[in-house]
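Each remark here refers to the structure printed beneath this line.
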Amino acid sequence: MDRLWTNARLATMAGDGLGVVEDGAIGAQDGRIAYVGPHSGAPDAAEAIDCGGRWITPGLIDCHTHLVHAGDRAGEWAMRLEGASYEDIARAGGGILSTMRATRAADEAELVATALPRLDALLAEGVTTVEIKSGYGLTVADELKMLRAARSLAEVRDVRVSPTLLGAHAVPPEYAGDADGYVDLVCREMIPAAVGLADAVDGFCEGIGFTPEQTERVLAVAVTHGFRVKLHAEQLSALHGSSLAARHGALSADHLEHADESDVRAMAEAGTVAVLLPGAFYFMRETQRPPVELFRAHGVPMAIATDCNPGTSPTTSLLLMLNMAATLFRLTATEALRGVTANAARALGLGGEIGTLEAGKACDLAVWDISDPAELAYRVGFNPLHMRVKDGRCC
């Protein structure tokens, strides 16, 4: 065996809870977990690392980000503080279109360079996998540029990147008044061009985004091209986008503040994960919470992500999102931790590869200076990461 982490307390996330193993050990061979269990049963290894009684969890997973973009929207945030709504700003040419202009003006290298500090902040908190959406280019060439930049981040940092095509994010100015025409472009040219660059296709089903009918066209075409799908749904209004996503076998429906029981039932039947984004809820001063009790009642897995983006969730702290999910959405500490490990992996279609500490999976670990896993959701502005491990390598 290549490497063995010993004298550790494990939160494996296997099963339904934390999957605790006291006095545990984890062994890696060729980047994968070869042993996980009691220290007493661990095999010999070429290198042994004494964890000093620290806790080990799976490497954290940020399953919904807009990490690649140019510019910022601090000025628009100041406008919101003075009373303007997100919808007002968007309809006046700000919002997503503001970031679109900056992103179109940047080349691929610039997008990588500006994304790296945001990525590094996530890695410093134990993140080993990050999903990155496009959606700020809104032309075929610029969306592909964003996807290439997202993939390039995995070449300059030790991290797993899952790129998502979000071409149906907003109607660009070239198609003002012709959202159907833009959807034609997304379906006819953009989705086929993203094959091999994106892992999934997403959309923004909302009053200021795309109608359910337009969104359904996007998801249907994506599926025919072999993509898994996901959807921004029920963030600002109840359009039943989450039910629509479920009908197409979506990996996840995200935001979900206005989802109702029919949406939740549809998600449960399809195995669609609910991705909760407390950073956007907080930043936009929302009051309608996602229906967490309904998700529990119907057995819908809940994931948590930063939604890192310049307009509505400019955060790069997944640990802070754990606390916000617990305090704002009333998740338990165990639910919060599963939301950035096992359930986040499911939201990316990677549940067989990452998200739990089980033999055969990638050896992605986070080693923590904590006395109890609940500390990861309890503390605010505190980073207890001791070691990050990606594919069996300490990094």
Side-chain angles (χ1 to χ4, degrees), residues 5 8-21 24 26 28 32-33 35-37 55-65 122 125-131 159-162 199-200 228 230 250-254 256 267-268 270-278 290 292 295-296 298-307 318-319 321-326 329 331-368 370 372-377 385 388-391:
W5 288 264
R9 305 172 73 186
L10 312 180
T12 67
M13 301 297 165
D16 296 327
L18 294 178
V20 172
V21 177
I26 297 177
R32 309 199 74 82
I33 296 174
Y35 176 83
V36 55
W55 280 92
I56 300 179
T57 69
L60 303 190
I61 301 163
D62 196 348
C63 64
H64 180 133
T65 85
L122 292 173
E125 290 190 347
V127 170
T128 52
T129 297
V130 59
E131 185 257 20
V159 63
R160 179 180 292 98
V161 171
S162 179
D199 294 340
R228 301 297 300 272
K230 54 186 74 173
L251 292 170
S252 71
D254 304 32
L256 302 172
M267 292 173 64
T272 298
V273 176
V275 177
L276 309 184
L277 304 171
V292 168
F295 295 141
R296 288 173 178 148
H298 290 277
V300 174
M302 292 179 285
I304 300 165
T306 61
D307 191 19
L318 192 56
L319 292 180
M321 297 305 99
L322 292 180
N323 180 271
M324 285 188 172
F329 294 164
L331 268 65
T332 67
T334 296
E335 287 173 333
L337 288 170
R338 291 187 64 80
V340 295
T341 53
N343 292 343
R346 289 184 61 176
L348 297 180
L350 295 174
E353 177 73 7
I354 56 175
T356 63
L357 304 180
E358 296 180 274
K361 291 192 174 183
C363 189
D364 292 357
L365 315 175
V367 184
W368 306 98
I370 54 176
D372 188 295
E375 279 190 56
L376 297 177
L385 184 71
R388 190 177 76 94
V389 178
K390 170 71 169 54
D391 291 326

**Study point:** Step-by-step side-chain contact (heavy atoms from CB on, under 4.5 Å) determination, Thr356 to Thr12
**Key:** CA-CA 5 Å; Thr356 63; Thr12 67; 5.8 Å; no
Exercise for review: Dump the intermediate steps for salt bridge (Lys or Arg N to Asp or Glu O under 4.0 Å) on Arg32 and Glu358, then the final yes or no.
Suggested key: CA-CA 9 Å; Arg32 309 199 74 82; Glu358 296 180 274; over 6 Å; no
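Between Met13 and Gly355, the shortest heavy-atom distance links the atoms CB-O, 3.9 Å. Looking at every heavy atom in both residues, Pro290 comes nearest to Leu276 through CB-CD2, 3.9 Å. Annotation for Ala11 and Pro58: closest pair O-CD, 3.3 Å, computed over non-hydrogen atoms. For the pair Ser162 and Asp199, the tightest heavy-atom approach, listed with the atom from each and the gap, is OG-OD2, 3.0 Å. Shown here for Ala336 and Ala377, the closest heavy-atom pair between the two residues is CB-CB, 4.4 Å. Across every non-hydrogen atom of Arg346 and Val273, the tightest pair is CB-CG2, 3.8 Å.
The side chain to side chain contact (heavy atoms under 4.5 Å, CB included) test with Leu60 singles out one residue from Leu319, Leu122, Thr128, and that residue is Leu319. Partner Glu131 forms a side chain to side chain contact (heavy atoms under 4.5 Å, CB included) with one of Leu251, Val275, Ile61, Leu348 and no other, that one being Leu348.
Note that CZ of Arg9 and CH2 of Trp368 are 15.5 Å apart. Values are rounded to the nearest 0.5 Å. Residue Leu357 holds its CG atom at 6.5 Å from CG of Leu10, rounded to the nearest 0.5 Å. Atom SG in Cys63 sits 7.5 Å away from atom NZ in Lys230 (nearest 0.5 Å). Note that NE2 of His64 and OG1 of Thr306 are 8.0 Å apart. Values are rounded to the nearest 0.5 Å. To the nearest 0.5 angstrom, Leu318 atom CG is 8.0 Å from Ile304 atom CD1. Of the inter-residue distances, the one linking Asp307 atom CG with Asp254 atom CG reads 8.5 Å to the nearest 0.5 angstrom.
In this structure, the side chain of Arg388 does not engage the main chain of Glu125 through any donor-acceptor pair within 3.5 Å. When atom types are taken as modelled, the side chain of Asp364 and the backbone of Lys390 share no donor-acceptor pair closer than 3.5 angstrom. Between the side chain of Thr272 and the backbone N or O of Ala253, no donor-acceptor pair lies under 3.5 Å. Between the side chain of Asn343 and the backbone N or O of Met302, at least one donor-acceptor pair lies under 3.5 Å.
In this structure, Ile26 and Leu365 have side chains that are in contact, with non-hydrogen atoms separated by less than 4.5 Å. Looking only at side-chain heavy atoms (C-beta outward), Arg160 and Leu350 come within less than 4.5 Å of each other. Using a 4.5 Å cut-off on side-chain heavy atoms (C-beta onward), Leu256 and Met267 make contact. Leu376 has its side chain out of reach of Trp55: every pair of non-hydrogen atoms, C-beta onward, lies at least 4.5 Å apart.
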